[in-house]
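The structure appears below as structure tokens.
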Amino acid sequence: MRVEVSRRRFLQNTVALSVVGGSALSLGALAAESAHAGSLPETTTTKTGTGSAEIIPTLCGMCVNKCAAFARVEEGVLTKLDPNPYFPKSRNMLCPRGNSGIQTLYDPDRLKYPLIRIGERGDGRYKRVTWEEAYDAILNGTDKFKGLAQILDEEKDNRATIGYSNGEGLSKEGFEVLVGQKIGTPNYVDEISICLETTLGGYVNTIGTYGEADMNNADYIIVAGANRAEAIITPDTMDMFKRTKKRGLTMIVLDPRFTNTAAKADRWYAVNPGTDLAFVLALTYVAFDEGLYDKEFCQKYMVGYAEYKAHILSKKYTPEWAAKLTGISAKEIYRTAREFMKARSPIYYQGRRSAFSPNDFQLRRAMAIYQGLSGNLDKKGGIIYGKKIKLPPEEVNAPMYAQAQTRFDRKGIAIPADKTGSWILFRNMILEGTAPYPVRVMLMRKHNPMSGVPDTTKTEQLLRKMDLNVMIDILPSDTAMFCDVILPEASYLERTSPVASFGGLEPAIVQRKAAVKPLYECKTPEVIYKELAEKLSEPLWKNTLKYDEDVQDDTKGMKPDALKKYYKENGFDLADAWEKTVEESNKERVVKAFGEEAWKILEEKGVYYPHMEAYHKQLDPNTYEYYPEDKKNYHVKGDKIKVVANFTNLTKKGVDAMPTWHDDMAFHVPKGKFRLITGRHAQFTQSGTTNNAMLRDLTPTNYVWINSRVAAERGIKFGDLVEVRSRIGAIRLQAYPTESIAPNQTFLLHGFGGNSRGMEMAYGNGGNDARIIEDHIEPVYGAAAMHLTDVEIRRV
Amino acid sequence: MARYGMALDYKNCINCKACEVACKEENGVLLGADKHRIWVGANAPSGEWPHLDIVSSTFMPSQCQHCEDAPCEEVCPTHATYYDENHVVRVNSDKCILCSYCMNACPYDARYVDDRTVTVDKCTFCSDTRLARGETTTACQNTCPTKVRTFGDLDDPESEISILLKTRDHFSLKSHLGTHPKLYYLT
Amino acid sequence: METKKFMGFLPVNAISIKDLFAFEKSFVNLLAIAVTVVFLVMFVVGVGNYLLHGHHVFNVTREHPWGLLIATYVFFVVSSTGLCIVGSLGDVFKFEALNYQLFSKRAIFGSIVTILAGFAVIAFEIGHPVRMMIYNVVSPGLTSAIWWMGTLYGLYLTFMIIEFIFLLRHEMRRAQVFGFIGLAVGLAAHSNLGSVFGFLNARPISNGVYYPTYFILTAFITGIFIAFIMMGFRYKLDFPPEIKKMLTGLAKIQGFLLGAFLFFAGWKMLTDVYGGMPGRADVAVHIFHSWTFWAEIVLAILIPGLVILLGQAKSHVLMFYASLIGMVGVFFMRYNLVHDTQLKPLQMMKTTRYQLPPQWVEYVPSTTEILISLGGLGLAFVMYYIGTRLFDLDESVTEEAPER
């Protein structure tokens, strides 16, 4: 640590102000061949001043949650991010990552200029080019790689030869419009299938919504596999921990690890990974067996209530049965089941995370049904449905491509997600050669599958197999290092984003405004989409004319003017989706829906909801009221509420209609091995934050957790370098002996172990879990099942 | 002139360290893990898995306690450490000779060396940033997700902090040392 | 040797720079010179490194803000006070029967040299020494033990220099007066140095009366160790009878002092451990298990004590060697004082998840700290050597010099 501190010690506030603010371009360049190693990290903190400052509403982009903030800008330099008290979702808070957004904005390792690969893939050798040259390289290629024009020509305009992926964010939709709707490929993969797809699917298919847990009014909550103290989600995190510790909210935590959330629990059950389903089934058994549930509610609203009751009782999902599987004693399961059903407002917290085990969809179904049994749905203190403020939709004139084939990543899964696909299936089928046509291009934005998708080796093989890889991002990620063209994007603090609506108990719309102008030569995503669309539009249209029989039929004998008209009217003009700037479009939509006054409020405060001026009140220095109690959307469904216990249609797809335990779901680890589990931390999001100087002070690297007694047996001490090896790979990182994990399990933080030399702080720091997590999928959506990998650990 | 103090509803704390980052960004505190004005302390749970002692795992936000009888102020040979008009314990970096006596005398480990001025630095309750601009909260209070902190004037009987201290049980850190901290931990 | 008057009032030997290098090329002398030169080079390198890179080159941390330089400073000022006390025996208190004045002038000069070396070392530990001199006067912190310690040591140095000048001028009455004042101020300064630690209510291991009083006792012990060393070098271990008589006397006092110190240290440790005060008892147990504690006890007390006891205070040559060992022990004593005070973290919780819970504050001096500390020793050696050449340090004056 000492070295780094001393390296930064000369960077006083004033220096930082003049360097960063004045001529931003003077910061060390990542023009890859320039020796990056010699340049120093120039990120530092800047004391806020007492003079004049611009206060600009923004929306945090450090993770997926979206907290509203105000950026303080002094003489062109962003000096502070403060929470925005007007947004009901984030209620005047900003977490450590939100606060450290400044360090991401001013990260000296930022991508600064468009780059074109001049070396081999992965070797990090790039040439700085102009935007025009970069767009041209995407279209026409260079001597190192082929361009889109040639590839689409060779593939006879089969647009599906382009795969694309995008990380979560407000500009994600625009990228989907560009590549999916305008360029016209169905082959989109994103974070959903390595994230909460099964959670959403399970809940939506059971109670019709994922819902929002009313933490302010619940009095009993089971939090299983959700670590709200470390994986912060608003408003849940803010609300629940004000009432735990015998202050109104009894909290039962199930987690294989003792997390910061467990530290706040009334009871913590160290459940065996992948066995939560047995726990929920046993709770359900007790409820049915002892008649503790809300019978009236179930009779009225539960579809297949009788069958489900019979199913649970006949399968004998007793606490005694579940105890053996889960590691939680029968006595505790009885106790929890009875307490839950007796509570006034109990919630089995939905959680939201990756599908850890193959039964995750059924687990979510069982949880939702169990919540239904309590009757605590669509009411104060329960899981509520809420409302969303509607914004006028943006129409896209999407062209039709006859040659574009359909997506293929559905082998062996029951309910393929047409839009978002399955990352692992998509990748593996291409690698195995089972894809029905060649996929030759990956267009990527703000997405780092080298770190995010299990089995990095295969991801690397995929990227190497492509003829063209393009990345739009703010940092030279591991994935970017396998791309042929890299386009530098403005970070979230440098761009105005499409206005967004957040529904729930207290709905609102928010707008992120650019706090500072894009640094270096970065451009906002929407400008990049537009310019790229302009570049590609006519050449690709010509390709369509050449191969697309439908278009040929339609345009046979057309004169140039008519052809031009056809091109425009049928959406082949790719750039027409960006005729208006984001700012113009935001204003138009908001004014259309809510009037000029609403726009003014949104521009100034970053947040708007009807009657905001009247409703919004500060109650004390720490508390705000957003809606009066009687205006909150506690109860919106009325008699339309439905809990689907017996989902008979699932049987046709080969999925159990009712949550059922199968013996192969049991938890078992071979002797001497450890089950690898993954998770989050309050100071890091994913690989994107590991180069943040501020956050690295808080969590310098990731360690691998080993039960301290096992570590002692093996002579492993704190900080010892160990190798963690699975069937598919090995990583090295430091050991953290702790009693917070079971003797046969291990854990490491996700996102570390970067391999891109362009990210000085992330490079070689810790271990990348994606290198060792095996690429299992769950059978419903093909989502990654991340907790099935057993590893060996040895000292090196 | 106020007498500023802070009440901490520390059981709300989830050890996310948003306060520490907000403090650093607001006040231009140097990067570096041991360069912090405020921090969150945590105890690992005692016991053996799975029989861990939940209550032994606590999170305690801490910082300069702004003692009424501050040992750091007493031991400063040049009055570089002083009480400002709002009873906030401050350091005048022009007078600080970096003898480090205050760092040794502070029972709370609240002081560290700022490498730019090569003088001792510590929490100011945002006196020269937020309060100087007329704001009424500190950066740490404002950003806290679970709203652990309440900052305010102890002499104002109507202030939120005065009301909290009148109505909630609380304790101070190392109160046996007689330093009379103005940070109050609510129970 | 020929003498002359410096600036018209100070009798000095008329020597040239060349004379400084004219010494007997014996092995011991060459070794001493080599060591001194190495130390001086270390000082230059250490200070250079500090000036180039600032405070970072020290291993002091937030948890351990005082390091080796503070310990070295304490070492030097304790030596100074000790020499002042021993010198005062003959010069101020006129214990003529034991011929202490044979040593007085040398001792007083030694006390000046050592405190100057101490100041030279602390100047690099204090972040802003010039600022210190200004604000010590402009904005005095009267509740600060460091302020009193620093100010009194400043006065003490002044009185010591005046006393030394009078000694050189054979104005024994005035020398006695200033010697007495100097001693009083020195004792005050020195016990204040103890109180710098004794006032720390954050540090139960140091808090209380022990350090202020122990400092005076250990200063006396240190002074006698140095007396043996100085006289050993002066007479090349071939002591004339009157010196032997004096050394026997000093050894007897030393024996008594070491015994007393053993009581001090023993009861401090026993009350610390068995007093059971949290923050004190646990620290004391930890100290008990540290090798530096035993280095202090064995080197500074047991070995010299045994030599005195077994030699019945008459084995002067052995006492010379025991004193050298004793000074090493005294160094550990100072290091322990500074380090042990800071052993217990003031903040016992983990501030990041991936760390071991704070246990004991670790400290290992950096190279630069070691360079500057040993360099301080080199400075002391050189100043002392020049002094022995420049001034007549051992004439035994028993008569009042004539007033002018």
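Quick caveat: nothing in here was measured; it's all calculated off a predicted structure.
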Does a side chain donor of either [X] or [Y] reach within less than 3.5 Å of an acceptor in the other side chain?
X	Y	answer
A:D82	B:T143	no
B:N12	A:R243	no
A:T48	B:R130	no

Pair A:K80 + B:E25: basic N to acidic O under 4.0 Å: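 The answer is no: the pair does not qualify as a salt bridge.
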Does a salt bridge link A:K47 with B:D128, judged by any charged N lying under 4.0 Å from a carboxylate O? yes
Where does [X] contact chain B at under 4.5 Å (heavy atoms): side chain, backbone, both or neither?
X	value
A:I232	side chain
A:D266	backbone
A:R267	backbone

Are there residues of residues 77-102 of chain B whose heavy atoms fall under 4.5 Å of chain A's heavy atoms? If so, which? none
How far apart are the closest heavy atoms of B:G28 and A:T45, and which atoms are they?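 Closest approach of B:G28 to A:T45, heavy atoms only: C-OG1, 3.2 Å.
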Please report the closest heavy-atom contact between A:P743 and B:W49, naming both atoms and the distance. CD-CE3, 3.5 Å
Please confirm whether the backbone N or O of A:A263 pairs with a side-chain atom of B:S57, one donor and one acceptor, at under 3.5 Å? no
Return the option, out of B:K17, B:R133, B:K11, with the maximum number of heavy-atom pairs under 4.5 Å with chain A. B:R133
